[in-house]
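Working notes for the structure below.
Everything numeric in this text was worked out from a predicted model, so none of it was measured.
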Amino acid sequence: MITLVPPSLSLHSSWWEAAQEFNGARLHGFSVHGFEHLDLGSPEGFGPWLALQQRTITDPPEGWVPATMFWIIDDAQPQQVLGSLSFRHELNDFLREEGGHIGYGVRPSARGRGVATAALEAALAYAPSLGLDRVLVTCDEDNEPSRKTIERCGGVLEDIRSAKRRCWIDCAA
């Protein structure tokens, strides 16, 4: 079963392996902005990132919104990070236009197995604990796998802005 877990130093090496699979492509949902990619490969460089993720839950940096970072794992192999999911507790102007409440990324070797769908479903189950009855999820207009994931989870297209599909999902359903 796919589960969302908090980031941890104990799973750092598996998370780093997952990030490396992207071969320099954008790490959707991994929340690495502001950090040098290679620094995150060492436990020493990873520590400040981990501290920021913990802080962002209740005391985000200026211009950010409160957010919870999760890693995606399968209970059958709990030491392997399959991806990452960022759940923003509220929307600012940028997130309302492009980012939405939830951003996720699944390592290439774990794609095509329903991991993203199960992770998004788990995030939707978490939403009510934040007082949210619906969430905005976006994806690039040409990202067919993500579009299908969002639709499988009940996403309803509101519109397309700046090549981003903006879909709302009812969490109470």
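Side chain of His12 to backbone of Leu40: a donor-acceptor contact under 3.5 angstrom is found. For Thr138 (side chain) and Glu98 (main-chain N/O), a donor-acceptor pair under 3.5 Å exists by modelled atom type. Here the side chain of Asp140 pairs no donor or acceptor atom with the backbone of Asp142 at under 3.5 angstrom. Side chain of Arg107 to main chain of Val81: a donor-acceptor pair is present (N/O by atom type, distance under 3.5 Å, no hydrogens or angles). Using a distance-only test at 3.5 Å, with no hydrogens or angles considered, a donor-acceptor pair links the side chain of His101 to the main chain of Leu136. Checking side-chain atoms of Arg88 against main-chain N and O of Gly99 turns up a donor-acceptor pair under 3.5 Å.
A single hydrophobic cluster is not seen to contain both Ile72 and Trp15; linkage of ILVMFWY side chains at heavy-atom distances under 4.5 Å, directly or through other members, places them apart. Both Trp71 and Leu52 sit in one connected hydrophobic cluster of ILVMFWY residues. Membership requires side-chain heavy atoms under 4.5 Å apart, directly or through other members.
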TODO: Output, in order, the C-alpha distance, side-chain angles, deciding distance and verdict of side-chain contact (heavy atoms from CB on, under 4.5 Å) for Cys167 and Leu157.
DONE: CA-CA 4 Å; Cys167 301; Leu157 179 67; 4.1 Å; yes
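Salt-bridge check for Arg147 with Glu144: passed, with a basic side-chain N closer than 4.0 Å to an acidic carboxylate O.
Contact of the Ser42 side chain with the Trp16 side chain is not registered, since no non-hydrogen atoms from C-beta on lie closer than 4.5 Å.
Contact detail for Phe46 and Ser8: the closest heavy-atom pair is CE2-O, 3.9 Å.
Summarising the local packing, CD of Glu158 is surrounded by more than 12 heavy atoms from other residues, nucleotides or ligands at distances under 6.0 Å.
For the atom pair CH2 of Trp64 and CG of Leu95, the computed distance is 11.0 Å after rounding to the nearest 0.5 Å.
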